[in-house]
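Notes follow once the structure below has been shown.
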Amino acid sequence: MAHMPVDLLPAPAPRQTPVRAMTIAGSDSGGGAGIQADMRTMAMCGVHGCVAVTAVTVQNSLGVSGFSAIDPAVVADQMRSVVSDIGISAAKTGMLASSAIIESVAATASELGIGRDTPIPLVVDPVSASMHGDKLLADDAMDALRSVLIPKATVVTPNLDEVRLITGIDVTDDTSQRAAAEKLHAMGAQWAVVKGGHLRSSDQSVDLLYNGDVFHSFPYPRIDTGDDHGAGDTLAAAITCALAHGRSVPEAVEFAKGWVSRCLEWAYPLGAGHGPVNPLWRLSV
Ligand SMILES: Nc1ncnc2c1ncn2[C@@H]1O[C@H](COP(=O)(O)OP(=O)(O)O)[C@@H](O)[C@H]1O
Ligand SMILES: Cc1ncc(COP(=O)(O)O)c(N)n1
């Protein structure tokens with residue numbers, strides 16, 4: 001990793017209002033994924049992070065033992081409260097728990113001018129389960145994800161399990177990865193990132209980005225660690241930060257791949273299970 005050039009987003013000046021972004025996601029009591037991962041990355045990227053909490057999970061390094069979803073109207077009101085006063089330059093979604101919350105978030109994003117083809121880009125990380133396989137999204141919410149949220153996405157960032165659930169495509173190689181990206185774009189996302197994080201057959205971790213026209217491939221060295229809790233959230237949060245700072249989508253994904261790679265390189269053990277990726281590497285630069 002030491003040989004990789006460090007790509008940083010600009011730090012805010014003292015007493016200047018920083019760039020703002022919002023995460024609409026679940027809380028992880030273990031502090032490694034969800035809102036906590038998003039806020040860590042946003043802070044380390046010089047972004048003031050605002051939140052709309054969708055669910056409170058009971059979670060540690062061993063998994064998720066339960067969660068309580070927030071009233072969809074309260075999720076919508078958090079979004080309205082932030083946008084009407086503080087203002088944001090980009091937003092992301094993570095765990096949305098239910099179809100009622102997905103519908104509320106999509107409708108409120110339309111009302112507030114958030115999403116593709118608006119000035120406020122929306123990164124949709126379609127979280128469906130934790131890395132331990134614990135469900136974070138109701139089974140009957142997949143239709144709402146496909147029909148109301150993905151069509152609002154500036155960028156959608158599924159991992160391979162989520163790709164299978166959303167598109168029915170089992171990504172095993174370059175050809176199926178391309179087919180999945182095409183299908184996600186056809187569902188209405190402006191850009192689709194099909195993450196190759198769990199394609200174990202290669203020494204590279206190759207993410208593929210597609211906008212209906214051009215494929216961009218982001219090959220990065222695979223990092224050998226079991227401490228990868230929050231990697232997906234961190235990638236999506238870093239894309240959101242770069243978009244909030246005015247980068248284009250391909251530039252934002254390039255930035256985020258470098259960011260998450262360093263976070264994986266610096267990941268630490270925590271508890272008896274999987275430790276979190278670690279954006280605090282930024283403090284050493
Ligand atoms: N071991 C690894 N080495 C390098 N990059 C990885 C590794 N695991 C995941 N990534 C990258 O981290 C990001 C999140 O990956 P992924 O595992 O798909 O996330 P999640 O399952 O948490 O949603 C992607 O850019 C992926 O390519
Ligand atoms: C609240 C919340 N949001 C997202 C994830 C996914 O992260 P991971 O795939 O690393 O378990 C999670 N475990 N908890």
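Read the numbers this way: they start at 1 and go in the same order the structure lists the ligands and their atoms.
In this structure, the side chains of I169 and K183 come closer than 4.5 Å at one or more pairs of heavy atoms. I114 has its side chain within reach of I88: a pair of non-hydrogen atoms, C-beta onward, lies under 4.5 Å apart. At least one side-chain heavy atom of S27 sits less than 4.5 Å from a side-chain heavy atom of Q36. Residues R282 and R262 have side chains not in contact (no heavy-atom distance under 4.5 Å, counting atoms from C-beta outward). The shortest side-chain heavy-atom distance between Y268 and D227 does not fall under the 4.5 Å cut-off. The side-chain heavy atoms of V47 and R20, taken from C-beta on, include no pair separated by under 4.5 Å. Contact check for M142 versus I166: side-chain heavy atoms found under the 4.5 Å cut-off.
Between atom 2 (C) of ligand 1 and the options Q204, K257, R222, K195, the minimum heavy-atom separation is to R222. For atom 3 (N) of ligand 1, the choice among V194, D227, I223 with the nearest heavy atom turns out to be I223.
Ring orientation note: the planes of W191 and H216 are tilted relative to one another, at an angle of 30° to 60°.
Residues satisfying the side-chain contact (heavy atoms from CB on, under 4.5 Å) criterion with D77, sequence neighbours excluded, are R80.
Remark: ligand 1 atoms within the under-4.0 Å shell around heavy atoms of L235 are 25 (O). Shown in contact with G232 at under 4.0 Å from a heavy atom are these atoms of ligand 1, numbered in order with element: 14 (C), 19 (O), 20 (P), 22 (O), 23 (O). Near N159, the atoms of ligand 1 lying under 4.0 angstrom from a non-hydrogen atom of the residue are 18 (O), 20 (P), 21 (O), 23 (O).
Look at D228 and you'll find every heavy atom at least 4.0 Å from all atoms of ligand 1. Remark: distances from the non-hydrogen atoms of P221 to ligand 1 include one below 4.0 Å.
Distances between N or O atoms of G196 and those of ligand 1 include no value under 3.5 Å. Below 3.5 Å of separation, one finds an N or O of D207 facing an N or O of ligand 1. Considering backbone and side-chain atoms alike, S261 places every N or O at 3.5 Å or more from each N or O of ligand 1.
Counting heavy atoms closer than 4.0 Å to ligand 1, residue D224 contributes nothing at all.
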Scan the side chains in residues 241-251 for donor-acceptor partners under 3.5 Å anywhere in the protein, sequence neighbours excluded, and list what turns up.
residue	atom	partner	partner atom	Å
H245	NE2	C45	O	3.1
R247	NH1	D7	OD1	3.4
R247	NH1	D7	OD2	2.8
R247	NH2	D7	OD1	3.0
S248	OG	E251	N	3.3
S248	OG	E251	OE1	3.3
E251	OE1	S248	N	2.9

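A distance limit of 4.0 angstrom between heavy atoms and ligand 2 selects the residues G26, S27, A33, G34, T57, Q59, M95, V127, S130, M131, L136, H229, G230, D233.
Hydrophobic clustering, defined by side-chain heavy atoms of Ile, Leu, Val, Met, Phe, Trp and Tyr closer than 4.5 Å, groups V127 together with V64, F67, M95, L136.
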